[in-house]
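What you see below is based on every heavy atom in this structure, not just the backbone, and it leaves out hydrogens, waters and symmetry mates.
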Amino acid sequence: EDVYCDKTRLNQVLLNLLSNAIKFTPAGGTVSVRLKQYQGTDKERSLYEIRVKDTGCGIPKESLPKIWDRFYKIDSSRGKDRKGTGLGLAIVKEIINSHKQNINVISTEGVGTEFIFTLQKSVSEN
């Protein structure tokens with residue numbers, strides 16, 4: 001089935017989340033993407049939930065509320081790539097919000113991080 005989204009912008013979301021997951025996951029760790037369908041009471045409430053999960057270094061608890069802020073970067077000594085503008089997650093949140101959907105994060109230092117967002121299924125004309 002189709003999803004209601006701007007495909008170019010959704011690609012940007014997935015690329016950013018996957019790039020971050022790879023960047024902050026050490027060799028031998030794992031990165032996974034999962035898709036789950038939720039059937040609502042009517043077609044307008046039917047959603048897909050997408051999860052991007054890694055077994056990386058995790059995000060410190062005190063940093064979690066700030067990761068969506070433009071230019072915010074967690075300690076530059078973390079991860080393989082110390083470059084970056086600190087704009088990626090702010091853009092991801094903006095794109096998901098523009099689709100009138102939500103994105104959340106679950107993270108534990110030393111265990112990993114999981115980003116979870118939803119997309120609305122397209123309403124068919126049948």
Can you tell me how far apart [atom1] ([X]) and [atom2] ([Y]) are? Round to the nearest 0.5 Å.
X	Y	atom1	atom2	result
C5	L10	SG	CG	4.5 Å
R51	K36	CZ	NZ	7.5 Å
E114	T108	CD	OG1	10.5 Å
N102	E49	CG	CD	11.0 Å

Are [X] and [Y] packed together at the side-chain level, in the sense that at least one heavy-atom pair is separated by less than 4.5 angstrom?
X	Y	result
L89	N20	yes
K121	Q39	yes
V105	T113	yes

* Structure fact -> In terms of heavy-atom contacts, S107 and L64 come closest through CB-CD2, 4.0 Å

* To do: Check P26 against G56 and note the closest heavy-atom contact, atom names and distance.
  => CD-CA, 3.9 Å

* To do: Using the side-chain contact (heavy atoms from CB on, under 4.5 Å) rule, take I59 and I67 through it: C-alpha gap first, then chi angles, then the decisive distance, then the call.
  => CA-CA 9 Å; I59 300 168; I67 63 169; 4.0 Å; yes

* Residues two or more places apart in sequence or in another chain: which of them pass side-chain hydrogen bond (donor to acceptor under 3.5 Å, both in side chains) with D54? ->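 Applying side-chain hydrogen bond (donor to acceptor under 3.5 Å, both in side chains) to D54 gives none.
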
* Asked: Listed by chain and number, what are the salt bridge (Lys or Arg N to Asp or Glu O under 4.0 Å) partners of R34, not counting sequence neighbours?
  -> none

* Asked: Looking at residues at least two apart in the chain, or sitting in another chain, which of them share a ring pair (Phe, Tyr, Trp, His ring centres under 6.0 Å) with F115?
  -> W68

* Asked: Do I106 and F24 belong together in a cluster built from hydrophobic side chains that touch within less than 4.5 Å?
  -> no

* Cluster check I116, V92: I/L/V/M/F/W/Y, side chain < 4.5 angstrom -> no

* Residues sharing L15's hydrophobic cluster, by side-chain heavy-atom contacts under 4.5 Å among ILVMFWY, directly or via others? ->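 Other cluster members: none.
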
* Structure fact -> Sorted by chain and residue number, the side-chain contact (heavy atoms from CB on, under 4.5 Å) partners of V33 (sequence neighbours excluded) come out as L18, I50, V52

Pair up each side-chain donor or acceptor in residues 94-101 with any protein partner under 3.5 Å, not counting sequence neighbours, and list the distances.
| from | atom 1 | to | atom 2 | distance (Å) |
| --- | --- | --- | --- | --- |
| E94 | OE1 | R70 | NH2 | 2.9 |
| N97 | ND2 | K93 | O | 3.4 |
| S98 | OG | I95 | O | 2.6 |
| H99 | ND1 | I95 | O | 2.8 |
| H99 | NE2 | D6 | N | 2.9 |
| Q101 | OE1 | T118 | OG1 | 2.8 |

